[in-house]
Amino acid sequence: MKNQELAQIFYEIAEFLEMEGVAFKPYAYQKAAITLENLKEDVEEIYRTGGRKALEEIPGVGKSIAQKIEEYLKTGKIKYYQELKEKTPVKIDELTAIEGVGPKMVKVLYQKLGIKNLKDLEKAAKEHKIAPLFGFGEKTEKNILQGIAFLKRSKGRFLLGEILPIVKEIEEKLKELKEVKRVSVAGSVRRRKETIGDVDFLVTTDNPQKVMDFFVSLPGVIKVWGKGLTKSSIRMKEGFDVDLRVVPEECYGSALQYFTGSKEHNIATRKIAISKGLKLNEYGVFRNKKKIAGKTEEEVYEALGMAWMPPEIREDRGEVELSLKGKKYLPRLIELKDIKGDLHCHSKWDGGANSILEMAQAAIERGYQYLGISDHTKFLKIEHGLDERKLSLQRKEIEKINRDFEKSGVKFRILQGAETNILNDGSIDIKDEALKKLDYAIAGIHSSFKMSKEKMTERIIRAMKNPYIKIISHPTGRILKKRDEYQVDFEKILRAAKEFNVFLEINSYPERLDLNDINAKKAVEMGVKLVINTDSHHKDQLRYIEFGVYQARRGWVEKENVVNTWSLQRLLEYLKS
DNA sequence: GCCGTTTTCGGCCCGACTGTTTTCAGTCG
């Protein structure tokens, strides 16, 4: 789909325009980019069937942007964009990816020092050429270096959310090939890790030549290397690498186990093998020279006296010991089908893409029993946060839709929440009288991220003490590849969550996934209740729930730990109590 | 550049925080 490519271009145009100090246009381009990014329909298809007129029907797309989309679809280029790039030939997306660096800074850095990309910037900062610049200083230079260091730490890794859809496509294509007998993705993708270095596929086949030829000519491949009959590597246009390995049928299980990892899990399992006088490698389980298992993963684990376990927990965090004791000691991980509703979604009321009804219909399509609309509140002006009056107006709309559902026999209920803001002193930006009228309230940190650990912990705990606050959203505040967690004493937060009966969120947004696996596991061990939400700003984002569930599974979370696996009735009773 | 149950022109993108430039511009959510 061309949607993503166009979105990327419009984001960049917005930044170039912002760099030049153009007013309002950047916002318009950004809006259009966001819409395109989330659009389900293929923009090419829209254009083919309805022409430029149909493009203009897309929200945020008017005459000018429609014309540019048309130009891109016809020629693969946008002249306006090319001109902007020629005028200031900088890698603007690369530079503004650094925390604290925006378009204006990029402009000065280019004009004064000729900085065009990350490399130039790092060099200049290390040579202390930034600090003396007018408007910059020691601190800024240091922040830039730190920002670059952080970017590098996460560089070369991709979000699971970006990669998984493409991986599934590749897997489907391989499956369709009749020469392929068995195929599976392995590695960190199979373990559903939040970020991925590269992708590993395993196949069995009688015709490796054919399979490899097919593999290296998949659509989207921009580079091929090491092509052989047992292993070939490709790079996809999105920038990540994929390895394909052909393994013998009788080794498929052990190869899958080996290449799924994690490395730590494999080390632990090999130790078990040694302790039993066995040897484990990617070709099988061996007693002396005799192979005793290898065809399936189950039989490999069985040969080691272990129960098979889901890939998500293979991190050597205790799963090896439990699986030795037996299957019933392993956690029964939550599954996608257990989810009965979503309690953190945004609507048009706070600038989200869809109306409450549209969001509800999308939830019904997913088979949910309920959906919680929790728009931002007034402190977040940019997000069109709702004040007490608007919350009460919104309540009326929700009640009306619920009545209509009831009349037409639709077994579904919209709940009214709100994603309130925890102010610096831990108070909430909405009055208690208004919170009281909601079905529940969420509280989250959206400002002042750089507090001391003590202050931040105090701040969140004070919010949890508010009897109307039932959920803490994205509890650690991290943004993958962008921003670290804020400083907080998580143990204390867990104790408070338990004491005040507050649910901690696992935010399913691919760049958040917050709580992460480790924190989720701690929460489960402490008996803290969790809720897996999507934080959807668009109805199509409800599908992100998948990623929240994966993260939960990585954190050993079971169905019973998660309140939105409960029926509507049970949830309502609990909220009331 | 987009949009319209206040408007086809005139709004929209606000407020906190940071660092630096001593009075505020740039960045972020």
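Both backbone and side-chain heavy atoms feed into the values below; hydrogens, waters and symmetry mates do not. Order of the sequence lines fixes the chain letters, A, B, ..., with proteins taken first and strands second; residue numbering starts at 1 for each chain.
When the C1' atom of B:dT18 is taken as reference, atom CD of A:Q146 falls 14 Å away, rounded to whole Å. A:I34 places its CD1 atom 15 Å from the P atom of B:dC2, with the value rounded to the nearest Å. Across the protein-nucleic acid pair, A:N421 atom CG and B:dC14 atom P stand 17 Å apart, rounded to whole Å. The distance between atom CZ of A:F379 and atom P of B:dG15, rounded to the nearest whole Å, is 10 Å. Between the CG atom of A:L423 and the P atom of B:dG15 there is a distance of 14 Å, rounded to whole Å. Regarding A:Y486, its OH atom lies at a distance of 15 Å from the C1' atom of B:dC28, rounded to whole Å. Taking atom CZ of A:R478 as the reference point, atom C1' of B:dG29 lies 18 Å away to the nearest angstrom. Protein atom CZ of A:F10 is 13 Å distant from nucleotide atom C1' of B:dC2, rounded to whole Å.
Distances shown here put every side-chain N or O of A:Y27 at or beyond 4.0 Å from the OP1 or OP2 atom of B:dC12. Taking side-chain N and O atoms only, A:N424 has a distance below 4.0 Å to OP1 or OP2 of B:dC17. For B:dG19, the OP1/OP2 oxygens have a side-chain nitrogen or oxygen of A:N143 closer than 4.0 Å. Taking only side-chain nitrogens and oxygens, A:S448 never comes nearer than 4.0 Å to OP1 or OP2 of B:dA16. Here A:S447 does not reach the OP1 or OP2 of B:dC17: none of its side-chain N or O atoms lies under 4.0 Å away.
The aromatic rings of A:H537 and A:H376 sit tilted, their planes meeting at an angle between 30° and 60°.
Applying the ring-ring contact (aromatic ring centres under 6.0 Å, His included) test to pairs two or more places apart or on separate chains, none has a residue in residues 38-94 of chain A.
With respect to A:R48 and A:E45, a salt bridge is recorded, a charged nitrogen being found less than 4.0 Å from a carboxylate O. For A:E83 and A:K79, the salt-bridge test passes: some basic side-chain N is under 4.0 Å from an acidic carboxylate O. A salt bridge links A:K129 with A:E127; the closest basic N to acidic carboxylate O contact falls under 4.0 Å. Ionic pairing of A:E20 and A:K87 is present here: one or more N-O contacts between side-chain nitrogen and carboxylate oxygen are shorter than 4.0 angstrom.
Residue A:K25 is the one, among A:E141 and A:K25, whose nearest nucleotide of DNA chain B lies closer to the 5' end (criterion: closest heavy atom). Checking A:E138 against A:E56, the closest nucleotide of DNA chain B that is more toward the 5' end is the one next to A:E56.
The same atom, P, is picked in B:dT6 and in B:dC2; the two are 23 Å apart, to the nearest Å. Comparing the same atom, C1', in B:dC3 and in B:dC17 gives a spacing of 32 Å after rounding to whole Å. A distance of about 16 Å separates the P atoms of B:dT20 and B:dC28, rounded to the whole Å. Across the C1' atoms, B:dC13 and B:dG29 are found 12 Å apart, a figure rounded to whole Å. Nucleotides B:dC12 and B:dT7 have their P atoms positioned 15 Å apart, rounded to a whole Å. As rounded to the nearest Å, B:dT8 and B:dG1 have C1' atoms that lie 14 Å from one another. B:dG15 sits 24 Å from B:dG10 when the P atoms are compared, rounded to a whole Å. When the P atom is compared between B:dT21 and B:dA16, the two are found 24 Å apart, to the nearest whole Å.
No engagement by A:K31 is indicated, since no non-hydrogen atom pair under 4.0 Å with the nucleic acid exists. A:G60 comes within contact range of the sugar-phosphate backbone alone, with a heavy-atom separation under 4.0 Å but no base atom that close. At a threshold of 4.0 angstrom between heavy atoms, the contacts of A:K68 are confined to the sugar-phosphate backbone, with no base atom among them.
Across all strands shown, the partner of B:dA16 is B:dT27, judged by Watson-Crick or G-U wobble contacts whose two distances both fall under 3.5 Å.
The A:H446 side chain lies nearest to B:dG29 when the options are B:dG29, B:dC13, B:dT20. In this structure, of B:dG19, B:dG29, B:dT21, it is B:dT21 that holds the atom nearest to the side chain of A:F134.
Test A:I428, A:I430, A:L435 against A:D432 for side-chain contact (heavy atoms from CB on, under 4.5 Å) and you get one pass: A:L435.
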Pairs: protein N or O with nucleotides 23-27 of chain B N or O, under 3.5 Å:
residue : atom : partner : partner atom : Å
B:dT27  : OP1  : A:G102  : N            : 2.7
B:dT27  : OP1  : A:G102  : O            : 2.9
B:dT27  : OP1  : A:M105  : N            : 3.0
B:dT27  : OP2  : A:K104  : N            : 3.1

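With rounding to the nearest 0.5 angstrom, the SG atom of A:C345 is 13.0 Å from the NZ atom of A:K539.
A:T420 is not listed as a side-chain neighbour of A:Y468, based on a closest heavy-atom distance of 4.5 Å or more.
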